2 protein chains.
Amino acid sequence: MDRDEIFKALAHPARVNILAWLKEPQAHFPTQEHPFEMGVCAGQFERCGLSQSTVSSHLAILQRAGLVTTKRLGQWVFYKRNEETIAAFLKDIGSL
Amino acid sequence: MDRDEIFKALAHPARVNILAWLKEPQAHFPTQEHPFEMGVCAGQFERCGLSQSTVSSHLAILQRAGLVTTKRLGQWVFYKRNEETIAAFLKDIGSL
DNA sequence: TTTGTATATCGATCATATCCGATACACTTA
DNA sequence: TAAGTGTATCGGATATGATCGATATACAAA
């Protein structure tokens, strides 16, 4: 759990939004055809109005910070919140 | 309370350190000659190894984000944590 | 008013971040 | 194997951030 890296990851609103959307996938990604148990399909995040490559970069930053996990399933990659790291981070900065 | 701006302010370790040091001024700024009730004198923060102008810039970013308050007293400017904003921010991201 | 001290701002430089289109890679399907 | 779909990476353009020395501003004291 690298606090500094997490803060940097959260320094862009798009990435904070992604993290928030992932709390309620069914509410924010109604067009996804795959079951939500696997997570949210990478392509779904283009709804934030950025290009595919830019979205992919934001997702990679979230992953490197440990805030999300990924699982490849066939041609798709699914993203999920990493609740353990998020909880550890929140606990860590509770005494900010 | 601008969450995005606060996240950006916290995206640099020096600024997070400053905020942490301000929790216990007497422990981290033992060389200060002024009473700590006013806050911590700006010049004290050069202990982070950066130049005076750079430190001043970091402090300004923290202030713009609402994380610290300042009070000028004579030729000196004193910095204090803004516990209200910090608490509001922590509450806000508690459901991150 | 002049000098000295503390802090903020300016201007320049360098590093990092953001963003995109193009391309490479992974996998599926025909 | 070849073509199609989804995702990641690359290269480059532009924007933002970090840092410093120099200078300006604010105030105190002589």
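The structure displayed is predicted, hence computed values, not measured ones. Sequence lines set the chain letters: A, B, ... in the order given, protein chains first and strands last, and positions in each chain run from 1. Values below: every heavy atom of this structure, side chains too, minus hydrogens, waters and symmetry copies.
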Between D/dA29 (C1') and B/Trp76 (CH2): distance, integer Å: 11 Å
Whether B/Phe45 and B/Tyr79 hold their rings parallel, tilted or perpendicular, with breakpoints at 30° and 60°: perpendicular
N/O (side chain, A/Arg72) to phosphate O (OP1/OP2, D/dA8) under 4.0 Å: no
Rounded interatomic separation in angstrom, taking NE2 from B/His12 and P from D/dT16: 18 Å
Contact summary for B/Ala65 and B/Thr85, nearest pair of heavy atoms: O-CG2, 4.2 Å
Rounded interatomic separation in angstrom, taking CE from A/Met38 and P from C/dC27: 16 Å
Distance in angstrom units between B/Asp4 CG and C/dA17 C1', rounded: 16 Å
Donor-acceptor pair under 3.5 Å, B/Gln75 side chain vs C/dT5 base: yes
Atom-to-atom span, CD of B/Glu33 to P of D/dA28 - whole angstrom: 18 Å
Residue closer to the 5' end of DNA chain C, B/Phe78 versus A/Lys8 (nearest nucleotide): B/Phe78
Donor-acceptor pair, side chain of B/Gln44 and main chain of B/Pro30, under 3.5 angstrom: no
Residues from residues 44-67 of chain A lying under 4.0 Å of DNA chain D - heavy atoms: A/Gln52, A/Ser53, A/Ser56
Axial cation check for A/Trp21 ring with A/Arg81, 6.0 Å and 45° limits: no
The single option from A/Val16, A/Leu19, A/Asn82 passing side chain to side chain contact (heavy atoms under 4.5 Å, CB included) against A/Leu67: A/Leu19
Exam field: side chain A/Gln32 to backbone A/Cys41, donor-acceptor pair closer than 3.5 Å: yes
Shared hydrophobic cluster, B/Leu10 / A/Leu90 (ILVMFWY, side-chain heavy atoms < 4.5 Å): yes
A/Leu73 CG to C/dA26 C1', straight-line distance once rounded to whole Å: 13 Å
Distance test, side-chain N/O of A/Tyr79 to OP1/OP2 of D/dA8, below 4.0 Å: yes
Protein-nucleotide distance (A/Asn17, atom CG; C/dT18, atom P), rounded to Å: 14 Å
